[in-house]
Amino acid sequence: MLTSNYIGRFAPSPTGPLHLGSLVAAVASFLDAKKNEGTWLLRIEDLDPPRESDSAPGTIVEQLIAHNLHWDGDILYQSSRLDAYSEALDNLQRLSLIYPCDCARKKLPAVYPGNCRNKSSEKVLRPYALRLLLDTPVISLVDDILGPQRWQIDREMGDFIIKRKDGLFSYQLAVVVDDAFQHVTHIVRGADLLDSTPRQVHLMEKLNLPIPNYLHFPVVLGASGDKLSKQTHATPVSNQNALDNLKQALRLLGQQVPDSVDTVTLLEEAIANWNRNLIPKQLSVPLM
Ligand code: GLU
């Protein structure tokens, strides 16, 4: 029986199979939830069909099962949640926080300079994206690993996209709507997503949604010094090497590595030993 209100989640985008970096995210969020006697949910973030592979959701599910990382309840697919994202967009529109933008993304600097902020909507050409007007410049929070964080979001991020020109909802909006829908209390994810956090917290504030706890662990860097990612075709974790993959994930998270000979016992011991204080307090770690 559950004795805590902790709800965590693993939320992979199905752009390819899990690689070691995404396995670390699954392991960290799983162990933190289980150590806290919480629930661990699986959400497939299939929000961006052009970047996804049809086989990836099934492969990810098989990989998790092969590693004995069993989630609680049903899988939530973001592709089934478009009405909820539309509703959230309507709410933001009602607050006059959304404006259309026809700027060509490739020609823009990293921080959107607000070119379309004050353009009358008749002058905006189709197709256009919808951006969020950032009216609250500072977001701060205490990350469970990285400590106090503070962002001046208007200067560091700029008005960001909520719905893309191609009609797809942005990751930032969908994550916020679904974390609230699933009553997620603890978000445990890689520090590559740290700069998404203030955008998401800002959206939660605007949509009156509860703000979860955040823990960002270091992302795994490959030999080239880049983050392991599906886009750069990082090697998928092999189900045949599940035990070794889990041990490597524990090592990368700074945890004790039990010498168990099967994944079930390894995970039991890893839950018992899980210690957040051992996670390296840095943004990235090299692959060992
Ligand atoms: N879907 C995102 C990814 O695979 C993660 C989302 C999150 O953990 O907030 O990178």
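Values in this document were obtained by computation on a predicted structure and should not be read as measured data. For ligands, and for the atoms within them, numbers begin at 1 and follow the listed sequence.
- Listed by atom number, the atoms of ligand 1 under 4.0 Å from Glu45 heavy atoms are 1 (N), 2 (C), 5 (C), 6 (C).
- Not one N or O of Pro12 is nearer than 3.5 Å to an N or O of ligand 1, by distance alone.
- Against a heavy-atom cut-off of under 4.0 Å, Arg9 is close to the following atoms of ligand 1: 7 (C), 8 (O), 9 (O).
- Side-chain atoms of Asp48 and Tyr171 include no donor-acceptor pair closer than 3.5 Å.
- At a heavy-atom distance under 4.0 Å, no atom of Ile187 approaches ligand 1.
- Ion pairing between Asp72 and Lys34 holds under the 4.0 Å rule for side-chain N and carboxylate O.
- Asp178 and Tyr85 share a side-chain donor-acceptor pair at under 3.5 Å.
- Distance alone, capped at 3.5 Å, places no donor-acceptor pair between the Gln172 side chain and the Ile162 backbone.
- For atom 9 (O) of ligand 1, the nearest non-hydrogen atom from the set Gln78, Gln200, Arg189 comes from Arg189.
- Distances from ligand 1 to the non-hydrogen atoms of Tyr171 include at least one value under 4.0 Å.
- Side-chain N/O atoms of His186 and Asp32 include no donor and acceptor closer than 3.5 Å.
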